[in-house]
> 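Take a look at the following structure, please.
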Protein chains: 2
Amino acid sequence: MTKRNAYTMRDVARLAGVSISTVSAVVNNKGIVGPDLTAVVQKAITAMNFSPHAGARGLRIGKTNILGLVVQDITNPFFVEALRGVEDEAIKHGYEVLVCNSNDQPDLELRHLNALYTQRVDGVLLATCDSYAARQALVRDRAPIVFIDCVPMKAEVNCVVTDNYDSCYNAIRYLIGLGHERIAVISGRLVHSTSIARVEGCRKAMQEVNLPVLEESLREGDSHIESGYRIGLTLFQSPDPPTAIFTLNNRMALGILRALRELQIPCPERVSVMSFDDADWAEVFNPSLTTIKQPTYEIGKAAVELLLQSIQSASDETTLEPRQILLKSTLCARDSTAPVAKS
Amino acid sequence: MTKRNAYTMRDVARLAGVSISTVSAVVNNKGIVGPDLTAVVQKAITAMNFSPHAGARGLRIGKTNILGLVVQDITNPFFVEALRGVEDEAIKHGYEVLVCNSNDQPDLELRHLNALYTQRVDGVLLATCDSYAARQALVRDRAPIVFIDCVPMKAEVNCVVTDNYDSCYNAIRYLIGLGHERIAVISGRLVHSTSIARVEGCRKAMQEVNLPVLEESLREGDSHIESGYRIGLTLFQSPDPPTAIFTLNNRMALGILRALRELQIPCPERVSVMSFDDADWAEVFNPSLTTIKQPTYEIGKAAVELLLQSIQSASDETTLEPRQILLKSTLCARDSTAPVAKS
DNA sequence: CCACGATGTCGAAACGATTTTATGTAGTAA
DNA sequence: TTACTACATAAAATCGTTTCGACATCGTGG
């Protein structure tokens with residue numbers, strides 16, 4: 001069905017009584033075909049509901065007009081919003097987007113990258129799930145690539161990320177400003193460059209005011225609700241629980257809140273909670289949640305812009321210095337954070 | 001870059017000292033090449049990091065191994081979870097997925113469908129944003145199609161949906177069982193078959209117990225937070241406010257909850273809230289939200305299975321009766337619903 | 001009246017894979 | 001030895017486009 005009844009340029013040419021190359025010229029409106037013939041061809045095209053075969057076109061011109069996007073976890077609203085930015089920008093430039101979810105599995109990510117290469121996508125956007133694997137080597141000389149959110153360690157690559165370090169530095173400063181001294185930080189998995197940068201930012205802020213950086217209150221989660229919940233429970237069973245918790249991802253914040261509710265610990269009276277990543281429910285929550293909001297949509301958009309430049313320069317045979325784009329976040333102060341209670 | 005350095009079968013053949021057809025036979029392991037030669041070819045393939053050009057292959061065999069997925073609104077977690085189901089199942093059968101977001105705009109949806117046809121995808125999964133437009137005509141004789149979630153009105157098509165009618169019937173019965181008589185229903189836009197079916201289910205349950213179906217408490221929203229909020233506000237400014245609210249989508253429930261908080265109306269003491277669509281925050285909310293949980297992942301999975309059958313039968317030239325698959329939902333009773341308060 | 005760009009159209013050769021047909025080489029039996 | 005079967009490989013046609021060079025037509029200026 002798919003191809004049986006599909007009309008080709010030859011059919012159109014026959015119906016219009018012109019040659020194939022004329023049809024091609026009309027389809028790609030090269031402007032070298034006379035207006036009367038153009039009209040005839042156009043009529044034939046619409047009559048047959050003809051649409052050119054992208055695969056054949058791609059084979060000939062060596063370009064598919066498809067971009068690949070590989071994300072760690074499509075379940076995370078962060079990546080969905082980035083995807084929107086990617087898609088909108090891609091469409092604007094006539095590209096389609098092949099979306100792959102690696103589900104935080106490096107081998108699946110690799111498989112996706114290989115599949116994208118087989119499809120000969122013109123470029124790849126990658127939110128890698130393992131900053132230590134040398135992914136960039138795998139795609140080198142295959143297709144231009146731009147990393148988003150999570151980038152390879154110590155490698156000069158094109159990437160677009162939030163300024164994680166600064167964001168977290170500011171977040172902790174904010175908590176310190178409220179009088180908190182016992183601050184727990186719950187990070188995502190430390191194989192992600194994002195997590196590492198965020199933790200560093202937190203550390204810096206604490207050290208700056210000579211707060212002891214409590215290793216036991218720096219916990220590594222896995223970005224899912226369960227880990228936040230579990231860590232929350234143990235954190236409050238310790239003899240000297242924190243007065244503020246900063247989760248480096250929004251779903252772990254949900255876990256913390258569940259733990260608090262279960263333990264009947266009032267927020268923000270006894271403990272302040274703050275989270276990286278904003279979400280639509282954050283404002284409606286009771287108490288509404290203080291968050292750091294990333295310019296998520298813009299990350300996707302900027303990444304595509306960078307990728308298209310990269311593709312362009314590759315076809316020009318010019319070399320382009322890898323660019324690192326850092327985007328600023330916003331601190332959304334709400335009700336889940338409050339000055340530390342006197343004890 | 002993309003194609004400059006890309007090796008072809010000819011290169012592999014040259015390196016291995018065999019003919020192109022032999023390489024092809026090895027790549028598609030047809031099992032007709034001797035074991036020793038196969039080894040030689042394999043070595044050449046890995047040495048060159050060769051991977052076949054999907055476009056060329058597709059051109060020849062008339063199959064791209066790509067499926068298209070068009071959704072109304074990728075921002076809605078429902079579609080993300082369905083997407084996961086689609087992708088996992090697609091990968092399992094060697095397909096890639098081209099994801100498109102129509103953003104609830106019929107013209108954008110149409111544009112996406114045309115683009116997918118141009119790409120010659122082997123099949124399309126469509127969550128249409130307008131049940132009244134005759135989308136199926138547009139794709140007929142182009143590619144097999146399976147509708148998910150939102151289907152065209154009065155048309156015999158392949159589709160996979162939740163049993164919306166029954167789900168809502170049961171939901172309202174549940175509220176009635178708690179003693180509620182003044183029940184407000186907030187639907188999504190009534191151009192979606194889902195909304196229509198859900199409203200019908202609600203109506204049936206109310207009529208069955210001779211509850212007056214209050215047209216003024218049946219409000220049409222647009223599935224976004226704002227509309228829930230706005231409707232919530234007006235609903236409680238009416239002289240005789242409802243004792244229970246059932247939103248037919250989870251984001252509108254967020255809007256309702258915001259309105260309740262702003263108006264200082266306690267839930268569930270003064271009003272019970274219930275929502276279609278479960279979400280990860282629903283359980284953590286305060287009070288935790290009673291929801292109807294759809295088998296979202298399964299919808300995606302089932303849709304791909306159906307689509308692959310459809311593709312198969314199309315290439316067999318056999319005809320297949322359109323199938324409608326109805327999946328059951330689950331009622332998750334939590335704290336936001338309670339017996340009606342005595343006044 | 002011829003030479004000459006300019007303009008507009010066409011024919012044919014790619015692009016990289018698959019598949020059919022043809023060819024070659026052994027091995028077996030008459 | 002010859003013929004015939006098997007089997008492994010080679011060559012060529014094909015899929016639907018794009019694009020380059022060729023060709024025809026025409027008006028203009030010499």
Side-chain angles (χ1 to χ4, degrees), chain A residues 2-42 44-45 48-66 94 117-122 142 315, chain B residues 2-41 44-45 48-66 117-122 142 315:
Chain A
T2 304
K3 70 279 181 181
R4 265 271 137 56
N5 308 8
Y7 289 113
T8 77
M9 278 194 177
R10 167 152 40 244
D11 301 319
V12 175
R14 187 145 38 207
L15 178 60
V18 299
S19 80
I20 298 181
S21 39
T22 303
V23 176
S24 174
V26 170
V27 168
N28 304 32
N29 45 20
K30 287 256 205 310
I32 60 171
V33 176
D36 42 353
L37 245 200
T38 298
V40 172
V41 172
Q42 287 287 13
I45 287 174
M48 301 180 116
N49 199 7
F50 167 80
S51 120
H53 189 298
R57 177 165 207 278
L59 174 59
R60 180 59 230 248
I61 68 176
K63 214 168 161 319
T64 52
N65 275 21
I66 299 181
Y117 174 57
T118 291
Q119 291 292 341
R120 296 299 191 276
V121 295
D122 292 336
R142 292 186 140 196
S315 73
Chain B
T2 306
K3 70 280 180 178
R4 267 268 136 58
N5 307 10
Y7 289 112
T8 76
M9 276 195 176
R10 168 154 39 247
D11 301 318
V12 174
R14 188 146 36 209
L15 178 61
V18 299
S19 80
I20 299 180
S21 44
T22 303
V23 176
S24 173
V26 170
V27 168
N28 304 33
N29 44 20
K30 287 254 205 309
I32 59 171
V33 177
D36 42 354
L37 245 199
T38 299
V40 173
V41 173
I45 286 175
M48 302 179 117
N49 199 6
F50 165 80
S51 119
H53 188 298
R57 179 169 206 278
L59 175 59
R60 179 60 229 244
I61 67 176
K63 216 168 158 321
T64 53
N65 275 20
I66 299 181
Y117 175 57
T118 290
Q119 291 292 342
R120 297 296 191 279
V121 295
D122 292 336
R142 292 186 140 198
S315 74

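FYI, side chains are in, hydrogens and waters are out, and symmetry mates aren't considered; it's all heavy atoms of this structure. Naming convention: chains lettered A, B, ... in sequence-line order (proteins, then strands); numbering from 1 in each chain.
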> Starting at CD1 of B:Ile32 and ending at C1' of C:dT20, how long is that distance when rounded to a whole Å?
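Rounded to the whole Å, the gap is 12 Å.
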> Can you tell me how far P of D:dT17 sits from CD1 of A:Ile61, to the nearest Å?
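Nearest whole value for this atom pair: 12 Å.
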> For C:dT18 and B:Lys30 - does any side-chain N or O of the residue sit under 4.0 Å from the phosphate oxygens OP1/OP2?
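Indeed not, no polar side-chain atom of B:Lys30 lies that close.
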> Expressed as a whole number of angstroms, how long is the span from B:Met9:CE to C:dT19:P?
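One finds 10 Å between P of C:dT19 and CE of B:Met9, rounded.
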> Taking NE2 from B:His53 and C1' from C:dT18, how many angstroms apart are they, rounded to a whole number?
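Taking atom C1' of C:dT18 as the reference, NE2 of B:His53 is at 14 Å.
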> With respect to the side chain of B:Leu59, which nucleotide from D:dG16, C:dT9, C:dA17 is positioned closest?
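For B:Leu59, the side-chain atoms sit closest to D:dG16.
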> How many Å lie between CG on A:Leu37 and C1' on C:dC10, as a whole number?
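Whole-Å distance recorded here is 11 Å.
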> With no hydrogens and no angle check, just 3.5 Å: does a side-chain donor-acceptor pair link A:Arg57 and A:Asn65?
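No, no side-chain donor-acceptor pair sits under 3.5 Å.
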> Quick one: list whatever passes side-chain hydrogen bond (donor to acceptor under 3.5 Å, both in side chains) with A:Thr38, sequence neighbours left out.
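With sequence neighbours excluded, A:Thr38 shows a side-chain hydrogen bond (donor to acceptor under 3.5 Å, both in side chains) to no residue whatsoever.
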> Take the C1' atoms of the five end pairs on each side of the helix from C:dC1-D:dG30 to C:dA30-D:dT1, get both axes, and report the angle to 10 degrees.
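Angle reported: 70°, given to the nearest ten degrees.
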> Quick one: list whatever passes salt bridge (charged side-chain N to carboxylate O under 4.0 Å, His left out) with A:Arg14, sequence neighbours left out.
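Once residues adjacent in sequence are excluded, the partners of A:Arg14 under the salt bridge (charged side-chain N to carboxylate O under 4.0 Å, His left out) criterion are A:Asp11.
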> Run the side-chain contact (heavy atoms from CB on, under 4.5 Å) test against A:Arg60 and tell me which residues pass, sequence neighbours left out.
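Counting only residues at least two positions away or on another chain, A:Arg60 forms no side-chain contact (heavy atoms from CB on, under 4.5 Å).
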> Could you give the OH-to-P distance, from B:Tyr117 to D:dG16, as a whole number of Å?
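Rounded to whole Å, this separation is 11 Å.
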> Could you tell me whether a side-chain N or O of B:Asp122 sits under 3.5 Å from a main-chain N or O of B:Lys63, the two making a donor and an acceptor?
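Absent.
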> Using a 4.0 Å cut-off on heavy atoms, which residues in residues 10-24 of chain A reach DNA chain D? List them by number, or say none.
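Contacting residues: A:Ile20, A:Ser21, A:Ser24.
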> Looking only at side-chain atoms of A:Arg120, point me to the closest of D:dT17, C:dA17, C:dT9.
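When the side chain of A:Arg120 is considered, C:dA17 is the closest of D:dT17, C:dA17, C:dT9.
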> May I have the distance from B:Asp36 (atom CG) to D:dC7 (atom P), rounded to whole angstrom?
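So the CG-P distance, B:Asp36 to D:dC7, works out to 16 Å.
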> Among C:dA17, C:dT18, D:dT19, which is the nearest nucleotide to the side chain of B:Ala56?
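Taking heavy atoms from C-beta onward, the closest nucleotide is C:dA17.
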> Under a 3.5 Å distance rule, please check whether A:Thr64 uses its side chain to pair with a backbone N or O of A:Arg120 as donor and acceptor.
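Such a contact is found between A:Thr64 side chain and A:Arg120 backbone.
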> According to side-chain contact (heavy atoms from CB on, under 4.5 Å), who are the partners of A:Ala16, at least two apart in sequence or on a separate chain?
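Partners of A:Ala16 by the side-chain contact (heavy atoms from CB on, under 4.5 Å) criterion, ordered by chain and then number, come out as A:Val18, A:Val40, A:Val41, A:Ala44.
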> Rounded off to whole Å, could you give me the NZ-to-P distance for the A:Lys63 and C:dC15 pair?
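It works out to 19 Å between those atoms.
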> Between CD of A:Gln119 and NE2 of B:His53, what distance do you get to the nearest 0.5 Å?
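The NE2 atom of B:His53 is 9.5 Å from CD of A:Gln119, to the nearest 0.5 Å.
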> Not counting sequence neighbours, which residues clear side-chain hydrogen bond (donor to acceptor under 3.5 Å, both in side chains) with A:Ser21? List them please.
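Residues passing side-chain hydrogen bond (donor to acceptor under 3.5 Å, both in side chains) with A:Ser21: A:Ser19.
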> When you measure only distances, ignoring hydrogens and angles, does the side chain of A:Arg60 come within 3.5 Å of the base of D:dT17 through a donor and an acceptor?
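No.
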